[in-house]
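Numbering starts at 1 and runs along the sequence shown.
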Amino acid sequence: MTYEPLRILLVKRNLKKMEFASMVGITAPTLAKLMQDKPVTLDVLDRVCETLDVELHEVIRRRGKDERGSDHDAKND
């Protein structure tokens with residue numbers, strides 16, 4: 001999964017990362033996870049969507065097979 005749509009949305013809305021984190025009520029480590037495509041809870045994603053008034057598909061997308069990398073393929077063999 002990638003939060004690239006969220007990062008694009010923040011740029012479009014001219015929101016700084018820490019301003020966004022404060023609005024949503026997330027910590028700097030959770031913000032870092034979002035910026036690095038690391039897993040976060042559904043609760044966090046729900047708060048992001050509610051705060052930005054968007055749907056989940058507007059902040060996250062599934063990576064294509066070519067984007068996943070070899071480490072993902074090795075885990076699923």
Side-chain angles (χ1 to χ4, degrees):
M1 302 304 266
T2 180
Y3 304 112
E4 183 181 17
L6 172 62
R7 294 189 292 271
I8 292 169
L9 185 62
L10 294 179
V11 170
K12 286 181 179 179
R13 294 192 182 184
N14 201 28
L15 284 171
K16 298 197 182 305
K17 293 175 188 174
M18 290 309 294
E19 177 185 9
F20 161 73
S22 178
M23 289 171 55
V24 177
I26 58 175
T27 62
T30 299
L31 175 64
K33 287 179 181 180
L34 287 168
M35 295 303 122
Q36 297 170 12
D37 293 334
K38 304 286 184 186
V40 297
T41 66
L42 286 175
D43 178 61
V44 168
L45 293 173
D46 185 51
R47 286 188 288 155
V48 167
C49 290
E50 186 173 327
T51 300
L52 297 177
D53 193 27
V54 296
E55 296 297 323
L56 187 59
H57 71 273
E58 296 175 84
V59 298
I60 190 171
R61 75 172 169 82
R62 187 170 181 264
R63 287 186 177 174
K65 191 173 188 176
D66 58 331
E67 295 177 284
R68 292 185 199 142
S70 59
D71 62 330
H72 180 270
D73 295 337
K75 291 178 191 173
N76 292 322
D77 285 342

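With contacts defined as side-chain heavy-atom distances shorter than 4.5 Å, the pair P5/E58 does not qualify. For the pair E4 and R61, the minimum side-chain heavy-atom distance is below 4.5 Å.
Residues satisfying the side-chain hydrogen bond (donor to acceptor under 3.5 Å, both in side chains) criterion with D37, sequence neighbours excluded, are T2, R7, R63. By the side-chain contact (heavy atoms from CB on, under 4.5 Å) test, T51 pairs with M23, V24, sequence neighbours left out.
When every heavy atom of G25 is checked against every heavy atom of R47, the shortest pair comes out as O-NH1, 3.1 Å.
Remark: T41 OG1 to D46 CG distance equals 9.5 Å, nearest 0.5 Å. Atoms CZ and CD1, on F20 and I26 in that order, are 5.0 Å from each other to the nearest 0.5 Å.
Other residues, nucleotides and ligands contribute over 12 non-hydrogen atoms within 6.0 Å of the CG atom of D43.
Each of L45, L10, V59, I8 was checked for a side-chain contact (heavy atoms from CB on, under 4.5 Å) with Y3, and the lone residue meeting it is L45.
Distance alone, capped at 3.5 Å, places no donor-acceptor pair between the Q36 side chain and the K33 backbone. At least one donor-acceptor pair closer than 3.5 Å links the side chain of R13 to the backbone N or O of L52.
Annotation: side-chain hydrogen bond (donor to acceptor under 3.5 Å, both in side chains) contacts involving residues 17-29, sequence neighbours excluded, comprise T27-T30.
I60 and V11 are not part of a single hydrophobic cluster, where members link through side-chain heavy atoms under 4.5 Å apart.
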